[in-house]
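Down below is the structure, laid out as structure tokens.
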Amino acid sequence: MTKYLINRILRGICSIVIVVGIVMVMVYSALDRNLIFAADSMYSHVKSNAKEVYMMQQWERYGYVDYVPYADYMRELVRDEEITQEQYNAAISFANKAEQDSESVAEFVKRFTEEYESKGYKVVRLDGKMKGKTKKYQDGGEPRLYAYKDIPVLMRLVNYFKDLISVDNIHNVEDDIENRGITFTLYDPAYGGEKFSPAVMGNGTHYKYLFYCNDSFPYIHQNLVKINLGLSYSIRQGIDVFQTMTESQGSYAYSTVTYPSGVVAEAADDLHSATYVSGSFAGGGPVVKANFVDDYTNISTNKNGMSKIGYSFTIGIIAVFLSYLVAVPLGIVMALRKDKLLDHIGTFYIVFITAVPSLAYIFLFKSLGGKFGLPTTFDMENPTWLMYVLPIISLSLPSIAGLMKWLRRYMIDQMNSDYVKFARSGGLSEGEIFRKHILKNAIIPIIHDIPGSVLGALTGAIITERVYVVPGVGNMLTRAINAYDNGVIIGMVLFYAVLTVTSVILGDVLMSVLDPRISFTAKAR
Amino acid sequence: MNEKKIDLSDLNMTDEELFAPVNHDDLESEKITAPRYSYWHSVFRVFFKKKINIVLLAVLAVLLVFTYVYPAIIGYDAAVDPYINLMDSTAKHLNPQTAMAKFGSNIHWILGSGASGQSTFDAIWYGSSISVSLALICALINMTIGVIVGAVWGFSKKVDVFMTEVYNVIANIPYILLISVIVLIMSASFWTMVFALTVTGWIGIAYFIRTQVIIIRDREYNLASRCLGTPITRIASKNILPFMTSVIVTLAAAEIPSYISYEVFLSYIGMGLSDMSLGKLIEASQNAMQTPGWEIEFWSPVAVASIITIVLYVVGQNLGDASDPRTHM
């Protein structure tokens, strides 16, 4: 069994990697990379050489190319102390055309070109463009020099999975700081240092708090291990998809906060999210200087609402419970009263839900619910339980129909099988036959799908969330596709793929636990 | 008991004729006679025995006439007709009564007018012709590929190992992503959509058929057939395919409406066709739904799409039931 499971998990991981690879090929190679500028207002404003450079910068941010401008190269040389500041100043500004370069500029340009061409980069020099015959540059017509290289998909795939899970350590911060190490406290200073609340804090780590406690579920939190699904570029610039999914939303939630400097204030700042930003304390404004004592100044805020995944999961999981609660008894009754009125009503309902476009009945229930005074849109600021009602109903309707259909089918199949006739001829009561034989066998394929529906609740629902304006994860993929946000697309695909692969494996395990006849170790099929 | 007796004298036959000996033939008596049985004949006999099916077929015929004949009769031109009243601000968002009062009581205006003053009724049937064609073509392609691949997949264990992995991968690529990437690469035309819906759409059908084939493949009668030396192609075509007919018909019945629903869904999330299909109409009129008095613009394409899908689905399911030989008794 264990061997089989490991084999299954490994094969699952393989298919996940292949899926992500295929999607990477699709979004990075098959799609025209100019599409990312389709809705970009900056793109139409920049002109001439500046446009070329802007395109390069955007492509680098979206992960298409590795782009190195000449100036960056020179600055790096200064930082590595290969050249002096004077040499840098003499060589940094190159002329309009290559033949007009001064000697020192020409030397470094040659060095730059050779170094990057040997690494497989393409070096591009854009000559300065003048405004007519004047000595002024056109808008954005300054000369440019840069090197770029397309990033191959395979390398991107490897990098992506390498960076997927990051574990914080005390050597994370590159700057020269004192007292690297980890401290443990029973009285978290963020609560004023008097309330009992254990915390593990690091110095030299990316996050200041590695473990901490607070009063929201699951009470003990950690920042040590982080999942990076990929950075967003256009939807939420520079923020990881996983964070976008799991971060609280809505209006600020204020509480009494004790800053590291000892200042106590009513603020929404979440001190537990503090991360290191090099030079931010020295370069920060008066507020930063008043509140903080070191460079752990980058903090997020506490908000009142749930996270995207929180809303989707709340709605999804209640809908799953509701559908099993309703569908299982109804499916059983339909099978027992086969070809009677109740069966016909149930069949009609199943046909209606299966055949009618889901959009139609979701809107139908929205307008019906609106007539009964139920809220038809989601409002994070004034949450009531009533606003969950319609999305939950809309989500459960199709799954109830599906469950009823299959349970009825399985029950009827079992009823007609020989062992049931044998049990009846052996003198068992109908109730006994039903409970101990029919139901036990018919329910097994239904149980197989339970992990899938529970995990599926995490992915949200596209139409339901759109119609009821639920701030959930269901729309993230479609929004990312519309905005050409490659990072988010790949992150979401990985998220979906992991969930489906896990739920199939869990379903098989659950089935083999409940049904001793099903064994995965047997070789012959 | 029935006391009716036959009087032999009424038959006008001589005694010789009445009592002629019948030759007993051993060979003849070995023959088993059964009523002549034609499969498709029986399918339609069972299908038409239910009166509801005749009604549904009639409704389907009317729907198809409106879908394919009506736009041709009125000469609907998708480039011109939706915009004929564009400049007339009094022609927009009219309910059926006011539209008929304005333009005269004819069939074009029985569902009122839309956001650019076009006839909702005409637009719906033109859209329906696109959506139904899309569904039929996609279903045909996917069913053909799916059934063939599924049959091979179910029969060969080597193919099974390989295809199951392929299935695990393809099933995990979000459909929306695939479609939107293809649409972006190629343009949102009708045939692009067909390509996008069929490029991986067949694999679900193939997987379903594979499971069915595996179930039937190892039944005793096939085992016996194989022991008797029947070639595999003959087992596939004569032993298994007839068993699968009802499964395939039932599956096709569920597939065709599902493509219509899917087209509506894709248009709603903004990834659909560029043509004014039913889904596109629904998407274009969803703002009208929130305005009191304009709801009919939204609900009429929704209703037509629903009626078409329901009728297609029910007719197909009943045909699927009728094509199961066990119902022919």
Side-chain angles (χ1 to χ4, degrees), chain A residues 11-12 14-23 25-27 29-32 35 38 347-348 350-352 354-364 366-367 370 376-377 459 462-463 466-467 474-475 477-482 484 489-490 492-501 504 525, chain B residues 131 157 160 164-174 176-186 214 218 253-254 256-258 260-271 278-279 282-283 286 289-290 295 298-299 301-314 316-317:
Chain A
R11 281 202 316 207
C14 276
S15 44
I16 291 171
V17 173
I18 296 172
V19 168
V20 174
I22 292 176
V23 170
V25 171
M26 270 163 52
V27 295
S29 317
L31 274 188
D32 184 357
L35 279 171
T347 312
F348 178 80
I350 293 169
V351 167
F352 179 80
T354 325
V356 169
S358 50
L359 193 69
Y361 60 77
I362 290 179
F363 269 109
L364 191 67
K366 187 183 181 180
S367 63
T376 55
T377 50
T459 61
I462 297 178
I463 294 195
R466 212 175 243 252
V467 169
N475 272 326
L477 182 64
T478 47
R479 271 181 61 203
I481 292 170
N482 285 331
Y484 311 109
I489 293 177
I490 288 159
M492 293 306 291
V493 167
L494 178 68
F495 177 64
Y496 288 153
V498 169
L499 287 182
T500 31
V501 168
V504 173
R525 195 181 60 187
Chain B
S131 297
K157 285 198 172 137
D160 186 34
T164 309
E165 294 304 319
V166 172
Y167 176 75
N168 284 343
V169 170
I170 293 186
N172 270 315
I173 299 175
I176 317 167
L177 180 70
L178 194 77
I179 289 170
S180 59
V181 168
I182 292 173
V183 166
L184 281 172
I185 295 170
M186 293 161 78
I214 287 178
D218 294 337
I256 298 170
S258 81
I260 298 179
S261 307
Y262 208 74
E263 194 268 322
V264 171
F265 162 73
L266 283 176
S267 296
Y268 178 71
I269 61 171
M271 287 174 189
L278 273 181
I282 293 171
E283 192 238 341
Q286 56 168 307
M289 199 206 88
Q290 278 141 14
E295 290 99 337
F298 176 81
W299 285 114
V302 170
V304 170
S306 310
I307 293 169
I308 292 177
T309 49
I310 288 186
V311 172
L312 279 173
Y313 182 82
V314 178
Q317 291 297 321

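Here is the naming used below: chain letters follow the sequence lines, and residue numbers restart at 1 for every chain.
The CZ atom of Phe363(A) sits 4.0 Å away from the CZ atom of Phe298(B) when rounded to the nearest 0.5 Å.
In summary, the side chains of Asn482(A) and Thr478(A) do not present any donor paired with an acceptor at a separation below 3.5 Å, with no hydrogens or angles considered. Between Ser267(B) and Glu283(B), the side chains place no donor N or O within less than 3.5 Å of an acceptor N or O (distance only, hydrogens not considered).
Counting heavy-atom pairs closer than 4.5 Å to chain A, the top-ranked of the candidates Leu312(B), Thr309(B), Ile182(B), Val264(B) is Thr309(B).
Only the side chain of Ser367(A) has a heavy atom closer than 4.5 Å to any heavy atom of chain B. Proximity to chain A (any heavy atom under 4.5 Å) is restricted, for Val314(B), to the side chain, taken from C-beta onward. Looking at Ile282(B), the atoms closer than 4.5 Å to chain A (heavy atoms on both sides) all sit in the side chain, from C-beta outward. For Leu364(A), the parts lying under 4.5 angstrom from a heavy atom of chain B are both the backbone and the side chain. With a 4.5 angstrom heavy-atom cutoff, Val467(A) touches chain B via backbone and side-chain atoms both.
Counting non-hydrogen atoms of neighbouring residues, nucleotides and ligands closer than 6.0 angstrom, the CZ atom of Arg479(A) reaches no more than 12 such neighbours.
Applying the ring pair (Phe, Tyr, Trp, His ring centres under 6.0 Å) rule to Phe265(B) yields the partners Tyr262(B); only residues at least two apart in sequence or on another chain are considered.
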